[in-house]
Amino acid sequence: MASSSSSFRQMMHQVFLIYGGEDTRLNFTSHLLKAFKDRGLNVFFDEEKLEKGEQLSQALSQAIAASNFLILVLSKDYASSKSCLSELSQIMNCKKTQGHIVLPIFYHVDPSHVRNIGGTFKTSFGEHESKRSVDEVKRWKAAFTEVGTLKGWHIGGGKFDRSETEYIKDVVGYVLKKLNSNCRSVSEELVGIHDQKKKILGLIEQVDIRVIGLWGMGGIGKTSLADAVYKEVFPKFECSLFLQNISEKIKK
């Protein structure tokens with residue numbers, strides 16, 4: 001995980017979303033993508049990934065390296081794609097060398113089949129071994145088995161499983177919470193700000209409160225306090241926006 005709040009904010013993309021197989025592109029993956037965008041997150045999503053050549057483009061490699069969260073939708077057809085496995089190999093390398101956060105979503109597949117390359121994945125890798133170099137397939141296998149050991153979400157799709165909408169809400173909420181907890185602004189280090197923030201949060205909880213004004217001379221920390229409060233409450237809302245320097249922007 002990124003070691004500082006600045007490293008989170010400097011990333012070009014907050015989320016890199018990758019899927020494998022047409023079985024999720026028009027349903028679960030598209031719904032997850034929309035949920036991320038609806039919450040204002042910057043998402044890199046390569047819709048033409050399944051049609052690419054075997055070598056990753058420089059732009060795609062840069063996008064992987066420049067994303068906070070690398071989210072994989074692993075479906076039954078994932079390992080059949082050479083480009084997917086090539087991307088996965090680079091993603092797991094970024095996790096190892098740069099500390100990227102990799103979150104797998106096991107969509108209608110058993111995580112143990114990923115860890116042990118079983119089920120349909122065994123067949124897919126068998127086909128790759130007959131056509132690709134030993135070293136290349138070995139790298140793919142190592143990355144694939146490793147992602148199977150990571151903690152993520154298992155969507156079984158059975159009769160008693162939760163709805164996909166609930167899973168999507170969990171995934172988006174987790175990412176927002178992580179971004180919030182790791183993107184603390186400098187204002188969070190100011191002496192006494194936590195007590196002030198607590199008072200404002202108490203006001204927000206009151207049902208009859210609609211507007212809260214912070215009054216005081218310039219430079220005493222009103223904006224810093226508002227920023228700290230915003231970072232605390234925005235994950236609870238479907239839509240949010242923090243506007244600064246309003247008077248200057250209105251003049252322009």
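Because only heavy atoms are used, hydrogens play no part in the values below, and waters and symmetry mates are left out as well, while side chains stay in.
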Exercise. What do you reckon, is NZ of Lys222 surrounded by more than 12 foreign heavy atoms closer than 6.0 Å?
Worked result: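 Check passes, neighbour count above 12.
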Problem set entry | Listed partners of Arg162 passing side chain to side chain donor-acceptor pair (under 3.5 Å), at least two apart | Asp170
For this session: State yes or no: do Val137 and Val134 share one hydrophobic cluster built from I, L, V, M, F, W and Y residues joined by side-chain heavy-atom distances below 4.5 Å, directly or via other members?
Result: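 The answer is no; the residues belong to distinct hydrophobic clusters.
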Exercise. Same hydrophobic cluster for Leu179 and Leu241, using side-chain heavy-atom links shorter than 4.5 Å among ILVMFWY?
Worked result: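 Each belongs to a different hydrophobic cluster.
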Exercise. Regarding Thr29 and Thr24, is there a side-chain donor-to-acceptor distance under 3.5 Å anywhere?
Worked result: yes
For this session: Give a yes-or-no answer on whether the side chains of Gln90 and Ser61 include a donor-acceptor pair shorter than 3.5 Å.
Result: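 Their side chains do contain a donor-acceptor pair, which is all the 3.5 Å distance test asks for.
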Exercise. Hey, what's the ring geometry for Phe16 with Phe44, parallel, tilted or perpendicular (30° and 60° as the breaks)?
Worked result: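 Answer is parallel, since the angle falls under 30°.
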I'd like to check [X] versus [Y] (side-chain heavy atoms, cut-off strictly below 4.5 Å). Are they in contact?
X      : Y      : result
Val175 : Gln14  : no
Ile155 : Asp161 : yes
Leu32  : Val172 : yes
Leu201 : Val229 : yes
Ile204 : Ile209 : no
Glu136 : Lys82  : no

Problem set entry | Salt-bridge present (Lys231, Asp227; N to O < 4.0 Å) | yes
For this session: Please say which of Trp153, Phe28, Tyr167 ends up in a ring pair (Phe, Tyr, Trp, His ring centres under 6.0 Å) with Tyr107.
Result: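 In the set Trp153, Phe28, Tyr167, the residue that makes a ring pair (Phe, Tyr, Trp, His ring centres under 6.0 Å) with Tyr107 is Phe28.
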Can I get a per-line list of side-chain donor-acceptor pairs under 3.5 Å for residues 108-116, giving both atom names and the distance, sequence neighbours left out?
from: Asp110; atom 1: OD1; to: Ser112; atom 2: N; distance (Å): 2.9
from: Asp110; atom 1: OD1; to: Ser112; atom 2: OG; distance (Å): 2.9
from: Asp110; atom 1: OD2; to: Ser112; atom 2: OG; distance (Å): 3.2
from: Arg115; atom 1: NH1; to: Gly148; atom 2: O; distance (Å): 3.3
from: Asn116; atom 1: ND2; to: Ser112; atom 2: O; distance (Å): 3.1

Exercise. Ring pair (Phe, Tyr, Trp, His ring centres under 6.0 Å) between Phe121 and Tyr78: does it pass, once the steps are laid out?
Worked result: CA-CA 8 Å; Phe121 303 130; Tyr78 190 94; 8.0 Å; no
Exercise. What do you reckon, are the aromatic ring centroids of Phe144 and Phe125 less than 6.0 Å apart?
Worked result: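 Phe144 vs Phe125: aromatic centres under 6.0 Å.
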